[in-house]
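Worksheet: the structure to be examined is printed underneath.
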Amino acid sequence: MAKVLLTGFEPYWDYPVNSSWVVAEKVAARGVVGVDIVIEQVPVSFSRVHVALREAVEKHSPNMLIMLGQSGGSDKVKLERVALNMMDSKLPDNDGYIPNEEPINIETPAALFTNIPIKSLRAAIEEQGISVKISNSCGLYVCNRLYYEALMLCKKYHLKSIFIHLPFYEGQPSAKPNKPTMPQNDMVKAIQTIIEKINDKYREF
(Lines give C-alpha, C1' and ligand atoms only; values in the text may rest on other atoms or scores of the structure.)
Protein backbone atom coordinates (compact mmCIF):
# COMPACT_ATOMS: atom_id res chain seq x y z
CA MET A 1 0.00 0.00 0.00
CA ALA A 2 1.25 3.47 -0.88
CA LYS A 3 1.92 5.82 2.00
CA VAL A 4 1.40 9.58 1.79
CA LEU A 5 2.96 12.03 4.20
CA LEU A 6 0.63 15.03 4.21
CA THR A 7 1.84 18.17 5.95
CA GLY A 8 0.13 21.38 7.01
CA PHE A 9 1.41 24.45 8.81
CA GLU A 10 0.86 25.62 12.35
CA PRO A 11 -0.88 28.97 13.05
CA TYR A 12 1.15 32.09 12.25
CA TRP A 13 0.96 35.89 12.38
CA ASP A 14 -2.65 36.78 13.22
CA TYR A 15 -4.06 33.48 11.89
CA PRO A 16 -4.98 31.29 14.89
CA VAL A 17 -6.37 28.76 12.42
CA ASN A 18 -4.41 27.66 9.35
CA SER A 19 -6.49 26.26 6.50
CA SER A 20 -3.63 23.97 5.44
CA TRP A 21 -3.67 22.06 8.73
CA VAL A 22 -7.45 21.89 8.97
CA VAL A 23 -7.64 20.39 5.48
CA ALA A 24 -4.80 17.96 6.20
CA GLU A 25 -6.69 16.67 9.25
CA LYS A 26 -9.91 16.30 7.26
CA VAL A 27 -8.19 14.42 4.43
CA ALA A 28 -6.57 12.01 6.87
CA ALA A 29 -9.90 11.45 8.65
CA ARG A 30 -11.78 10.71 5.43
CA GLY A 31 -8.96 8.78 3.80
CA VAL A 32 -8.34 7.55 0.28
CA VAL A 33 -8.94 3.92 -0.71
CA GLY A 34 -5.70 1.98 -1.07
CA VAL A 35 -3.52 4.67 0.50
CA ASP A 36 -2.12 5.04 4.00
CA ILE A 37 -2.22 8.76 4.89
CA VAL A 38 -0.16 10.14 7.75
CA ILE A 39 -0.10 13.80 8.71
CA GLU A 40 2.40 16.06 10.40
CA GLN A 41 2.11 19.70 11.37
CA VAL A 42 5.24 21.69 10.48
CA PRO A 43 6.48 24.96 11.99
CA VAL A 44 6.33 28.35 10.32
CA SER A 45 10.07 28.72 10.81
CA PHE A 46 12.80 29.22 8.23
CA SER A 47 15.35 27.51 10.47
CA ARG A 48 13.23 24.61 11.76
CA VAL A 49 10.88 23.56 8.99
CA HIS A 50 13.43 21.48 7.06
CA VAL A 51 14.43 19.64 10.24
CA ALA A 52 10.79 18.81 10.95
CA LEU A 53 10.38 17.59 7.39
CA ARG A 54 13.40 15.30 7.49
CA GLU A 55 12.30 13.86 10.81
CA ALA A 56 8.80 13.21 9.46
CA VAL A 57 10.12 11.48 6.34
CA GLU A 58 12.47 9.30 8.39
CA LYS A 59 9.66 8.49 10.83
CA HIS A 60 7.02 7.53 8.28
CA SER A 61 9.01 6.36 5.19
CA PRO A 62 6.36 7.64 2.73
CA ASN A 63 6.20 7.13 -1.03
CA MET A 64 4.50 10.46 -1.61
CA LEU A 65 5.02 13.80 0.07
CA ILE A 66 2.20 16.31 -0.27
CA MET A 67 2.57 19.64 1.49
CA LEU A 68 -0.18 22.17 2.09
CA GLY A 69 0.08 25.87 2.81
CA GLN A 70 -2.34 28.75 3.23
CA SER A 71 -2.62 31.43 0.54
CA GLY A 72 -4.99 33.94 2.04
CA GLY A 73 -5.63 36.01 -1.08
CA SER A 74 -6.29 33.15 -3.47
CA ASP A 75 -9.65 32.02 -4.81
CA LYS A 76 -8.26 28.75 -6.19
CA VAL A 77 -6.35 25.67 -5.15
CA LYS A 78 -2.82 26.39 -6.40
CA LEU A 79 -0.59 23.56 -7.58
CA GLU A 80 2.97 24.77 -7.16
CA ARG A 81 5.36 23.82 -9.96
CA VAL A 82 8.66 25.19 -8.67
CA ALA A 83 10.60 26.03 -5.52
CA LEU A 84 13.40 28.61 -5.54
CA ASN A 85 16.69 28.53 -3.67
CA MET A 86 15.92 31.77 -1.89
CA MET A 87 14.44 33.05 1.38
CA ASP A 88 13.07 36.58 1.57
CA SER A 89 10.25 38.19 3.53
CA LYS A 90 8.91 41.51 4.77
CA LEU A 91 7.27 39.82 7.76
CA PRO A 92 8.81 37.53 10.38
CA ASP A 93 8.34 33.83 10.78
CA ASN A 94 7.16 32.41 14.11
CA ASP A 95 10.69 32.73 15.47
CA GLY A 96 10.76 36.42 14.67
CA TYR A 97 13.22 35.94 11.80
CA ILE A 98 13.09 38.02 8.61
CA PRO A 99 15.45 36.78 5.86
CA ASN A 100 16.78 39.19 3.27
CA GLU A 101 17.42 37.50 -0.07
CA GLU A 102 19.26 34.59 1.49
CA PRO A 103 19.96 31.35 -0.40
CA ILE A 104 18.67 28.16 1.17
CA ASN A 105 21.83 26.34 0.13
CA ILE A 106 24.67 27.93 -1.86
CA GLU A 107 25.71 24.56 -3.28
CA THR A 108 22.38 23.42 -4.74
CA PRO A 109 20.35 24.43 -7.84
CA ALA A 110 18.65 27.81 -8.14
CA ALA A 111 15.28 26.12 -8.70
CA LEU A 112 13.73 22.67 -8.34
CA PHE A 113 10.58 21.39 -10.00
CA THR A 114 7.89 18.95 -8.93
CA ASN A 115 8.41 15.43 -10.24
CA ILE A 116 4.68 14.86 -10.67
CA PRO A 117 2.79 15.57 -13.96
CA ILE A 118 1.14 18.73 -12.71
CA LYS A 119 -1.21 19.32 -15.65
CA SER A 120 -2.88 15.95 -15.16
CA LEU A 121 -3.51 16.87 -11.51
CA ARG A 122 -5.10 20.14 -12.57
CA ALA A 123 -7.35 18.34 -15.06
CA ALA A 124 -8.45 15.81 -12.45
CA ILE A 125 -9.41 18.57 -10.00
CA GLU A 126 -11.21 20.55 -12.69
CA GLU A 127 -13.28 17.46 -13.42
CA GLN A 128 -14.55 17.70 -9.84
CA GLY A 129 -15.78 21.24 -10.51
CA ILE A 130 -13.21 22.76 -8.15
CA SER A 131 -11.33 25.98 -8.96
CA VAL A 132 -7.66 25.20 -9.48
CA LYS A 133 -4.60 26.68 -11.19
CA ILE A 134 -0.95 25.90 -11.76
CA SER A 135 1.31 28.40 -10.03
CA ASN A 136 4.89 29.11 -11.03
CA SER A 137 5.76 30.95 -7.83
CA CYS A 138 5.58 29.44 -4.36
CA GLY A 139 6.70 32.77 -2.91
CA LEU A 140 9.86 33.12 -0.84
CA TYR A 141 8.38 32.54 2.61
CA VAL A 142 8.53 29.34 4.69
CA CYS A 143 6.29 27.44 2.22
CA ASN A 144 8.95 27.81 -0.44
CA ARG A 145 11.73 26.67 1.88
CA LEU A 146 9.73 23.59 2.82
CA TYR A 147 9.06 22.79 -0.83
CA TYR A 148 12.69 23.25 -1.85
CA GLU A 149 13.89 20.99 0.93
CA ALA A 150 11.27 18.38 0.02
CA LEU A 151 12.38 18.32 -3.60
CA MET A 152 15.98 17.91 -2.44
CA LEU A 153 14.87 14.83 -0.48
CA CYS A 154 13.04 13.27 -3.42
CA LYS A 155 16.06 11.55 -4.97
CA LYS A 156 17.44 10.32 -1.67
CA TYR A 157 14.16 8.79 -0.55
CA HIS A 158 12.60 8.05 -3.98
CA LEU A 159 9.62 10.29 -3.30
CA LYS A 160 7.04 11.98 -5.46
CA SER A 161 6.34 15.45 -4.12
CA ILE A 162 4.20 18.51 -4.67
CA PHE A 163 3.19 21.61 -2.71
CA ILE A 164 -0.38 22.97 -2.80
CA HIS A 165 -1.52 26.38 -1.62
CA LEU A 166 -5.08 26.62 -0.31
CA PRO A 167 -7.41 29.62 0.12
CA PHE A 168 -9.17 30.53 3.33
CA TYR A 169 -12.13 28.21 3.87
CA GLU A 170 -15.68 29.45 4.30
CA GLY A 171 -16.24 30.45 7.92
CA GLN A 172 -12.56 30.29 8.81
CA PRO A 173 -11.73 32.23 11.98
CA SER A 174 -9.36 35.11 11.23
CA ALA A 175 -9.94 34.97 7.48
CA LYS A 176 -9.38 38.47 6.18
CA PRO A 177 -12.53 40.47 5.32
CA ASN A 178 -13.32 40.74 1.62
CA LYS A 179 -10.84 38.00 0.72
CA PRO A 180 -11.94 34.95 -1.30
CA THR A 181 -12.92 31.75 0.47
CA MET A 182 -13.59 28.21 -0.70
CA PRO A 183 -15.82 25.51 0.77
CA GLN A 184 -13.72 23.33 3.04
CA ASN A 185 -15.16 20.22 1.43
CA ASP A 186 -13.91 21.36 -1.99
CA MET A 187 -10.36 21.70 -0.70
CA VAL A 188 -10.50 18.31 0.98
CA LYS A 189 -11.84 16.73 -2.21
CA ALA A 190 -9.08 18.40 -4.24
CA ILE A 191 -6.38 16.88 -2.05
CA GLN A 192 -8.07 13.47 -2.07
CA THR A 193 -8.19 13.69 -5.87
CA ILE A 194 -4.48 14.53 -6.03
CA ILE A 195 -3.63 11.54 -3.85
CA GLU A 196 -5.81 9.23 -5.93
CA LYS A 197 -4.31 10.49 -9.18
CA ILE A 198 -0.71 10.13 -8.01
CA ASN A 199 -1.41 6.69 -6.59
CA ASP A 200 -2.98 5.53 -9.85
CA LYS A 201 0.04 6.68 -11.86
CA TYR A 202 2.71 5.34 -9.53
CA ARG A 203 1.29 2.02 -8.39
CA GLU A 204 4.74 0.51 -8.60
CA PHE A 205 5.24 1.99 -5.12
Side-chain angles (χ1 to χ4, degrees), residues 4-32 35 37-46 48-49 52-53 56 64-81 83 89-98 114 118 121-122 124-147 150 161-197:
V4 175
L5 171 57
L6 181 62
T7 72
F9 280 100
E10 67 185 0
Y12 68 110
W13 298 346
D14 54 350
Y15 301 115
V17 176
N18 192 315
S19 63
S20 69
W21 181 242
V22 171
V23 171
E25 289 184 309
K26 294 287 186 181
V27 172
R30 296 183 188 181
V32 172
V35 180
I37 301 173
V38 294
I39 59 173
E40 292 284 350
Q41 188 178 80
V42 293
V44 180
S45 165
F46 284 102
R48 294 184 288 119
V49 72
L53 176 67
M64 293 177 263
L65 176 54
I66 299 175
M67 297 152 292
L68 308 180
Q70 179 175 279
S71 179
S74 178
D75 61 349
K76 294 178 173 65
V77 172
K78 296 196 296 185
L79 308 178
E80 299 294 349
R81 177 180 269 137
S89 181
K90 294 180 180 179
L91 294 171
D93 65 9
N94 280 355
D95 298 330
Y97 185 66
I98 303 176
T114 182
I118 198 167
L121 296 185
R122 180 182 63 186
I125 296 169
E126 286 175 337
E127 288 175 1
Q128 302 293 326
I130 299 168
S131 296
V132 60
K133 65 179 288 187
I134 292 172
S135 167
N136 294 313
S137 175
C138 197
L140 296 176
Y141 196 57
V142 180
C143 292
N144 177 75
R145 167 131 209 203
L146 176 65
Y147 197 15
S161 182
I162 190 167
F163 192 100
I164 299 109
H165 268 122
L166 301 173
F168 295 129
Y169 61 81
E170 290 180 356
Q172 179 175 337
S174 78
K176 296 300 184 184
N178 304 316
K179 292 294 185 180
T181 62
M182 179 177 284
Q184 192 180 112
N185 283 341
D186 282 0
M187 291 191 280
V188 171
K189 182 59 179 176
I191 304 308
Q192 289 177 303
T193 299
I194 288 169
I195 294 171
E196 291 168 355
K197 186 72 175 178

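Just so it is clear, the model here is predicted, and its values are computed rather than measured. Throughout, residue positions are numbered sequentially from 1 according to the sequence presented.
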Rounded to the nearest 0.5 Å, how far does [atom2] of [Y] lie from [atom1] of [X]?
| X | Y | atom1 | atom2 | value |
| --- | --- | --- | --- | --- |
| Met67 | Leu146 | CE | CG | 5.5 Å |
| Ile66 | Ile162 | CD1 | CD1 | 8.0 Å |
| Glu196 | Leu121 | CD | CG | 11.5 Å |
| Glu170 | Gln184 | CD | CD | 9.5 Å |
| Asn185 | Gln192 | CG | CD | 9.0 Å |
| Thr114 | Ile164 | OG1 | CD1 | 8.5 Å |

How close do [X] and [Y] get, heavy atom to heavy atom, and via which atoms?
| X | Y | result |
| --- | --- | --- |
| Met182 | Ser131 | CE-O, 3.7 Å |
| Ile118 | Leu79 | CD1-O, 3.6 Å |
| Ser20 | Leu166 | CA-CD1, 4.2 Å |
| Ile130 | Ala190 | CD1-N, 3.9 Å |
| Val44 | Pro11 | CG2-O, 4.3 Å |

task: State yes or no: are the ring centers of Trp21 and Tyr169 separated by less than 6.0 Å?
output: no
message: Consider ring pair (Phe, Tyr, Trp, His ring centres under 6.0 Å). Of Phe9, Phe46, Tyr97, which one does Tyr141 pass it with?
response: Phe46
Is there a side-chain contact between [X] and [Y] in this structure, where contact means two heavy atoms from C-beta onward sitting under 4.5 Å apart?
| X | Y | value |
| --- | --- | --- |
| Gln41 | Thr7 | no |
| Met187 | Pro167 | yes |
| Phe168 | Pro180 | no |
| Leu6 | Leu65 | no |
| Asn18 | Leu68 | no |

message: Keeping Gln172 on the side-chain end and Val17 on the backbone end, is there a donor-acceptor pair under 3.5 Å?
response: yes
message: Could you go through Ser45 and Asp95, starting from their C-alpha distance and side-chain angles, then the distance that decides it, and tell me whether this counts as side chain to side chain donor-acceptor pair (under 3.5 Å)?
response: CA-CA 6 Å; Ser45 165; Asp95 298 330; 2.5 Å; yes
statement: Residues passing the salt bridge (charged side-chain N to carboxylate O under 4.0 Å, His left out) test with Lys179, sequence neighbours excluded, are none
query: What do the steps show when you test Asn94 against Glu10 for side chain to side chain donor-acceptor pair (under 3.5 Å), and what is the final call?
result: CA-CA 9 Å; Asn94 280 355; Glu10 67 185 0; 2.8 Å; yes
message: Exactly one of Gln70, Lys76, Glu80, Lys78 should register a side-chain hydrogen bond (donor to acceptor under 3.5 Å, both in side chains) with His165. Which one does?
response: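 Going through the options one by one, the only one that passes is Glu80.
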- prompt: Would Ile98 and Lys90 count as a side chain to side chain contact (heavy atoms under 4.5 Å, CB included) if you check the C-alpha gap in whole Å, the side-chain angles of each, and the deciding distance to 0.1 Å?
  reply: CA-CA 7 Å; Ile98 303 176; Lys90 294 180 180 179; over 6 Å; no
- prompt: When you check the gap from the basic side-chain N to the acidic O, do Asp14 and Lys176 get nearer than 4.0 Å?
  reply: yes
field: Worked check of salt bridge (charged side-chain N to carboxylate O under 4.0 Å, His left out) between Lys133 and Asp75
entry: CA-CA 10 Å; Lys133 65 179 288 187; Asp75 61 349; over 6 Å; no
message: Quick one, Asp186 with Val77, criterion side chain to side chain contact (heavy atoms under 4.5 Å, CB included). Give me CA distance, side-chain angles, the key distance, then yes/no.
response: CA-CA 9 Å; Asp186 282 0; Val77 172; over 6 Å; no
